[in-house]
Amino acid sequence: MSTRIAFLKGHGTENDFVIIPDPENVIELPPAAVAALCDRRAGIGGDGLLHVVRSAAHPEARAMAAEAEWFMDYRNGDGSVAEMCGNGVRVFAHYLQRAGHVAEGDIAVATRGGVKTVHIAKEGDITVGMGKALLPEGDVTVSVGERSWPARNVNMGNPHAVAFVEDLDHAGDLYAAPPFSPASAYPDGVNVEFVVDRGLRHVALRVHERGSGETRSCGTGACAVAVATARRDGADPAVTGTPATYTVDVPGGRLVITERPDGEIEMTGPAVIVAEGEIDAGWLETATP
């Protein structure tokens with residue numbers, strides 16, 4: 001490993017990430033190293049880590065290399081691997097543009113949740129094709145303290161439980177993962193969104209992301225919330241034939257989610273790079289048990 005490792009820090013609606021450019025996939029990033037980098041007191045700090053790798057250089061992405069040159073090897077803040085991160089894809093695309101790897105317009109990004117189409121607009125916002133939502137059958141309940149709510153099970157390449165509440169404060173501190181039942185609904189854990197109405201096709205959420213705790217934003221969560229809200233409102237685009245667009249306020253900003261009649265979902269929002277520098281590889285080795 002080199003004695004210095006380049007990094008950047010970015011965020012999408014304050015869902016923040018450590019970015020490690022590694023086109024040829026030569027940097028070892030075991031879970032403990034990722035957790036050390038994402039530590040907000042002893043490391044750089046982030047909800048997760050974006051490992052930027054050419055698809056052809058990564059065993060999990062080689063099959064997608066013909067469709068997408070770049071693979072977003074995404075890790076949660078605790079070092080665990082995740083299938084997808086909507087805000088992360090926007091920041092990932094913004095980094096690729098900043099580094100000169102891509103230009104404005106449409107690009108493809110490989111993820112563990114499949115190849116995602118990303119549009120980089122001239123005015124700065126980035127739109128991500130998030131794919132289609134799956135709506136598994138079965139009742140789900142989430143709880144905080146003595147309160148419990150029915151939740152909609154929505155899968156956006158990663159699992160979500162969407163609960164509509166009267167007040168976002170009812171979600172509690174969200175330090176720990178809210179209990180859910182039945183356990184069989186989410187054998188690998190779940191992202192839990194608590195949602196309130198703000199107006200016509202306008203909602204706000206708080207979210208506990210598995211492996212990260214409460215975050216300032218969750219892109220796949222915002223998509224899951226828009227889909228769940230549309231179904232609640234009787235605005236299923238596959239039935240009405242009309243796209244359903246929802247404004248979703250997150251603690252770190254605002255996202256706009258559109259579900260088309262063919263089921264494809266698009267998410268539009270900002271992406272920001274705030275800093276870049278170098279990591280001391282020696283520190284990282286000592287910080288990794």
Side-chain angles (χ1 to χ4, degrees), residues 13 15 47 82-87 113 128 130-145 147-172 174 176-239 244-259 263-267 269:
T13 50
N15 194 186
D47 293 322
E83 302 91 339
M84 237 303 272
C85 177
N87 289 315
V128 180
M130 299 290 287
K132 299 179 180 181
L134 298 177
L135 300 170
E137 296 293 334
D139 295 331
V140 176
T141 300
V142 298
S143 303
V144 175
R147 293 188 174 96
S148 295
W149 303 268
R152 188 67 187 253
N153 189 347
V154 183
N155 193 293
M156 286 297 309
N158 57 358
H160 296 267
V162 180
F164 294 93
V165 299
E166 293 181 358
D167 191 315
L168 290 179
D169 286 342
H170 291 170
L174 290 183
F180 62 87
S181 64
S184 59
Y186 304 108
D188 299 317
V190 65
N191 305 290
V192 182
E193 287 81 25
F194 298 89
V195 186
V196 296
D197 289 296
R198 289 285 189 244
L200 181 63
R201 296 202 175 184
H202 184 183
V203 295
L205 68 79
R206 287 178 63 199
V207 57
H208 180 280
E209 291 195 61
R210 57 176 182 166
S212 297
E214 181 172 16
T215 59
R216 299 284 292 169
S217 181
C218 176
T220 56
C223 293
V225 164
V227 169
T229 308
R231 301 303 183 274
R232 183 202 65 177
D233 294 345
D236 182 348
V239 175
T245 297
Y246 281 81
T247 298
V248 181
D249 290 343
V250 296
R254 175 168 289 178
L255 297 166
V256 177
I257 313 297
T258 297
E259 184 182 10
E264 292 292 330
I265 297 168
E266 295 180 338
M267 175 184 64

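Numbering starts at 1 and runs along the sequence shown. Remember, predicted model here, so these are calculated numbers, not experimental data.
Summarising the geometry of M267 relative to G219, their closest heavy-atom pair is SD-CA, 3.5 Å, with the distance given to 0.1 Å. Of all heavy-atom pairs spanning S217 and T13, the tightest one is OG-OG1, 2.6 Å. The nearest pair of heavy atoms linking A161 to V190 is N-CG2, 3.6 Å. Across V142 and A163, no two heavy atoms sit closer than the pair CG2-CB, 3.7 Å. Nearest heavy atom pair, residue C223 against residue M130, reads SG-CG, 3.7 Å. In terms of heavy-atom proximity, R216 sits nearest to D47 at N-OD2, 4.5 Å.
Atom-to-atom distance recorded for L205:CG and L168:CG is 7.5 Å, nearest 0.5 angstrom. Atom-to-atom distance recorded for C218:SG and M156:CE is 10.0 Å, nearest 0.5 angstrom. To the nearest 0.5 Å, the span separating CG on N158 from CG on D188 amounts to 11.5 Å. For the atom pair NE2 (H160) and CG (N155), the distance works out to 7.0 Å, reported to the nearest 0.5 Å.
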Please determine whether side chain to side chain contact (heavy atoms under 4.5 Å, CB included) holds for the pair N15 and E209, giving the CA-CA distance in whole Å, both sets of side-chain angles, and the decisive distance to 0.1 Å. CA-CA 11 Å; N15 194 186; E209 291 195 61; 3.9 Å; yes
List the steps and the verdict of side chain to side chain contact (heavy atoms under 4.5 Å, CB included) for Y246 and V225. CA-CA 9 Å; Y246 281 81; V225 164; over 6 Å; no
Chi angles and distances behind the side chain to side chain contact (heavy atoms under 4.5 Å, CB included) call for V196, R198: CA-CA 7 Å; V196 296; R198 289 285 189 244; 3.5 Å; yes
Before giving the answer on side chain to side chain contact (heavy atoms under 4.5 Å, CB included), spell out for V227 and V162 the whole-Å C-alpha distance, their side-chain angles and the decisive distance to 0.1 Å. CA-CA 10 Å; V227 169; V162 180; over 6 Å; no
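Each of D249, D197, T247 was checked for a side-chain hydrogen bond (donor to acceptor under 3.5 Å, both in side chains) with H202, and the lone residue meeting it is D249. Exactly one of R201, K132, R231 qualifies for a salt bridge (charged side-chain N to carboxylate O under 4.0 Å, His left out) with E259. That residue is R231.
Side-chain atoms of R206 come within 3.5 Å of backbone atoms of G172 as a donor-acceptor pair (strictly under, hydrogens ignored).
With sequence neighbours excluded, the residues satisfying salt bridge (Lys or Arg N to Asp or Glu O under 4.0 Å) with R210 are E83.
Using a 30° and 60° split on the angle between ring planes, Y186 and F180 fall in the perpendicular class, above 60°.
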